[in-house]
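One is the number of the first residue; the rest follow in order along the sequence. Predicted model, so just to flag it, every value in this text is computed and none were measured.
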Amino acid sequence: MVTYVSALFYGVGGIVVAGVALLVAFQEKLVYVPVLPGLSKSYPITPARLNLIYEDVWLRSSDGVRLHSWFIKMFPDCRGPTILFFQENAGRVSCLIYENVHSMSVGWDNLPCYGLHFRTLDIAHRLEMVRIMIQKLKCNVFMLSYRGYGESEGYPSQHGIIKDAQAALDHLSQRTDIDTSRIVVFGRSLGGAVGAVLTKNNPEKVAALILENTFTSILDMAGVLLPFLKWFIGGSGTKSLKLLNFVVRSPWKTIDAIGEVKQPVLFLSGLQDEMVPPFHMKMLYAKAATRNSQCTFVEFPSGMHMDTWLTGGDVYWRTVMQFLVKHAPEERKADTEKKMEGGGGGAQYNPRTVEEVFRDFKGRRAAILRALTTDVQEFFQQCDPEKDNLCLYGFPNEVWEVNLPAEEVPPELPEPALGINFARDGMMEKDWLSLVAVHSDAWLLSVSFFFGSKFGFDKVDRKRLFNMINEVPTIFEVVTGTAKNQTKEKASSANQNGNRSKSNSKVRGLDGKSSKTIQAMEEGGLEEEEEEKEKEEDEEEHGETLCGACGDNYASDEFWICCDMCEKWFHGTCVKITPARAEHIKHYKCPSCSNKRARP
């Protein structure tokens, strides 16, 4: 009996020891899976298949491994944020692959499960998500294939992948065709662990970090994916000594790295994550927030491990956009250049100039004008009276948002009017928009002169700043049409002998002449002198005309179109109308008139 029990004990013990030994010996193959069984290592598609502008970039890591990557741009000269994207290496894959002209979605339930395999595909299988990312965020995206993945050489390991990530960041930091002060690291799952380490090691090169569905450590994940391993391997949540922790070669202790990150961090957590328990993200946020006040945590109730970006919809992308606007704005580069002026790191900071403050004013003003005119329908919906006190913010890059006021006391900048949403349903829409416009004008002035005081503007500078601001119509004047009426009066008195009116033309061409004049030229032909005379008359008549969206003056080298309902003129770019499209429009309605409907 004793012999039988002993044999059974030794047999089971031997099996366990052999199993653990195999896990230790082949752990990289269990953690990193560059190619799923049945799939080729070559890329199934390239960005060109999705009509994306890209370049193949080959890098050398510090240990000599040759790496492949794609640098995808929104357009060739895009100076927006650059997202350094690190792909996931965990969870079932929902890959969007374009087989012919149409896309085919491969459901994650159709892919096989292989225990601890952190099932992965190469960067080609992330292209559909990246395409939408570029459209929504107006950014560039750099996609790196880790060593052993895609067309990159070598074999994956933690130390190797960290070197690969550093090589990618160093490459971006040396480019002259992007704003290197706006590099943001984005990591999903394993990519979050990679991104956290890279961001911690490069506080001067990385502007911000975004983590999505990332684990605290591989040590913690071992017991989640293979429960029997929790007796041998464990990380941050374990209280007792785990015998096999010391033999794990890729522990990826994200929770340790995130605690040392000083840059702003956005945590995106899918609550239906079937691979990484959502509490891992909460633990990462808690660890980061104890030392970093610039952390934001957002949950997505329907988000699974691989499809949070898809199920989150507009809310997901709006969250990321707002984070980028706040922590990777356009002025970062200007600020960086100013700090570097004069030589060494101890150079004195040069204050902003009047022109820079005015440029800031114009960007914020254009954003608010867009909210109250071309985007008025979306703005109306976001100002829900059932929500807490909301404010309308305009940012220097002409992006607007409706959000809660800043929690800092005192705030970093003067705050807009509080509670604009509460008055929405108690007033006529036009009266409510006028009220928001008045308060927005006051806020813009307060922000500009806040900068003037902060940067030591003297009496002459303050007067010059006010005069520059006073030259453009107020938001209230544009929204209510007062600016247009003033322009009509000026044009009428200055052009009493004019022989044409605005109603004679619907669209102004790029050369400043009406479409009817262009047609007359094509049919009968006008003499050169008559052409020049008509052009000068048109310049005089419409020189004071203001765009109903942005409020800027008419210029002869720009395409404009007039709304047949409200008779306001708009830049073609502001209302997204091209000359070719305008030729097929019989009766044009601006966004405000198109969205008009009875309000309670």
Side-chain angles (χ1 to χ4, degrees), residues 31 83-94 108 116 118-120 126 129 133 165 184-200 206 208-225 230 234-238 250-313 315-324 326-327:
V31 174
I83 305 294
L84 176 51
F85 180 78
F86 294 121
Q87 69 184 57
E88 57 274 56
N89 198 18
R92 296 174 179 177
V93 178
S94 170
W108 40 85
L116 192 62
F118 283 13
R119 292 174 301 285
T120 183
R126 310 307 191 269
M129 187 274 294
M133 175 185 286
V184 177
V185 171
F186 189 123
R188 179 183 295 139
S189 192
L190 174 69
V194 178
V197 174
L198 183 69
T199 304
K200 179 200 72 172
V206 178
L209 170 66
I210 302 174
L211 297 183
E212 180 182 322
N213 297 335
T214 300
F215 47 77
T216 53
S217 72
I218 289 292
L219 302 177
D220 291 329
M221 284 300 298
V224 172
L225 298 176
K230 67 183 179 181
S236 54
T238 60
S250 294
W252 287 112
K253 297 179 180 179
T254 316
I255 197 161
D256 292 340
I258 200 66
E260 299 181 43
V261 172
K262 300 178 181 178
Q263 299 95 312
V265 186
L266 173 61
F267 297 84
L268 304 172
S269 177
L271 297 185
Q272 303 302 318
D273 193 327
E274 75 283 13
M275 288 296 297
V276 178
F279 73 82
H280 278 231
M281 285 290 287
K282 292 182 179 179
M283 291 178 65
L284 291 174
Y285 171 72
K287 182 64 176 289
T290 56
R291 301 182 182 181
N292 188 344
S293 61
Q294 302 182 89
C295 295
T296 305
F297 186 86
V298 182
E299 295 179 331
F300 297 90
S302 302
M304 299 181 70
H305 190 66
M306 295 292 297
D307 71 350
T308 300
W309 65 274
L310 190 60
T311 58
V315 175
Y316 178 94
W317 295 114
R318 191 181 304 118
T319 299
V320 179
M321 170 60 85
Q322 291 171 356
F323 180 78
L324 295 179
K326 184 175 182 180
H327 297 295

For Leu211, the option from Val261, Ile258, Leu266, Val185 that meets side-chain contact (heavy atoms from CB on, under 4.5 Å):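 Among the candidates, only Ile258 passes.
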Could you give the distance from [atom1] ([X]) to [atom2] ([Y]), rounded to the nearest 0.5 Å?
| X | Y | atom1 | atom2 | value |
| --- | --- | --- | --- | --- |
| Met304 | Glu274 | CE | CD | 3.5 Å |
| His280 | Ser269 | NE2 | OG | 11.0 Å |
| Phe85 | Arg188 | CZ | CZ | 4.5 Å |
| Phe215 | Asp273 | CZ | CG | 11.5 Å |
| His305 | Ser189 | NE2 | OG | 3.0 Å |
| Thr319 | Glu299 | OG1 | CD | 12.0 Å |

Looking only at heavy atoms, which two atoms of [X] and [Y] are closest? And how far apart?
| X | Y | result |
| --- | --- | --- |
| His327 | Ala208 | CB-CB, 4.3 Å |
| Pro278 | Gly270 | CG-O, 3.8 Å |
| Thr214 | Met281 | N-SD, 3.2 Å |

Are [X] and [Y] close enough that some pair of their side-chain heavy atoms sits under 4.5 Å apart?
| X | Y | value |
| --- | --- | --- |
| Thr254 | Leu284 | yes |
| Leu84 | Leu198 | yes |
| Val320 | Leu268 | yes |
| Pro301 | Gln272 | no |
| Thr296 | Phe267 | no |
| Phe300 | Trp309 | no |

Any chance you could lay out the side chain to side chain contact (heavy atoms under 4.5 Å, CB included) test for Glu212 and Tyr316, step after step, and finish with the verdict? CA-CA 11 Å; Glu212 180 182 322; Tyr316 178 94; 2.4 Å; yes
With sequence neighbours left out, which residue pairs that include part of residues 283-294 fulfil the side chain to side chain donor-acceptor pair (under 3.5 Å) condition?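 Output for this query is empty, none listed.
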With distance as the sole test, does Asp307 use its side chain to make a donor-acceptor pair with the main-chain N or O of Leu310 at under 3.5 Å?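 Absent.
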Would you say that more than 12 heavy atoms from the other residues, nucleotides or ligands in this model lie under 6.0 Å from the NZ of Lys282, or not?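 Not more than 12 within 6.0 Å, no.
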Polar side chain donor-acceptor pair, Thr308 to Asn213, under 3.5 angstrom: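 Judged by distance alone, the side chains do pair up.
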Could you check whether Phe186 and Phe86 have their ring centres less than 6.0 Å apart?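 That pair fails the under 6.0 Å test.
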Is there a side chain to side chain contact (heavy atoms under 4.5 Å, CB included) between Leu209 and Gln263 once you walk through the steps? CA-CA 7 Å; Leu209 170 66; Gln263 299 95 312; 5.7 Å; no
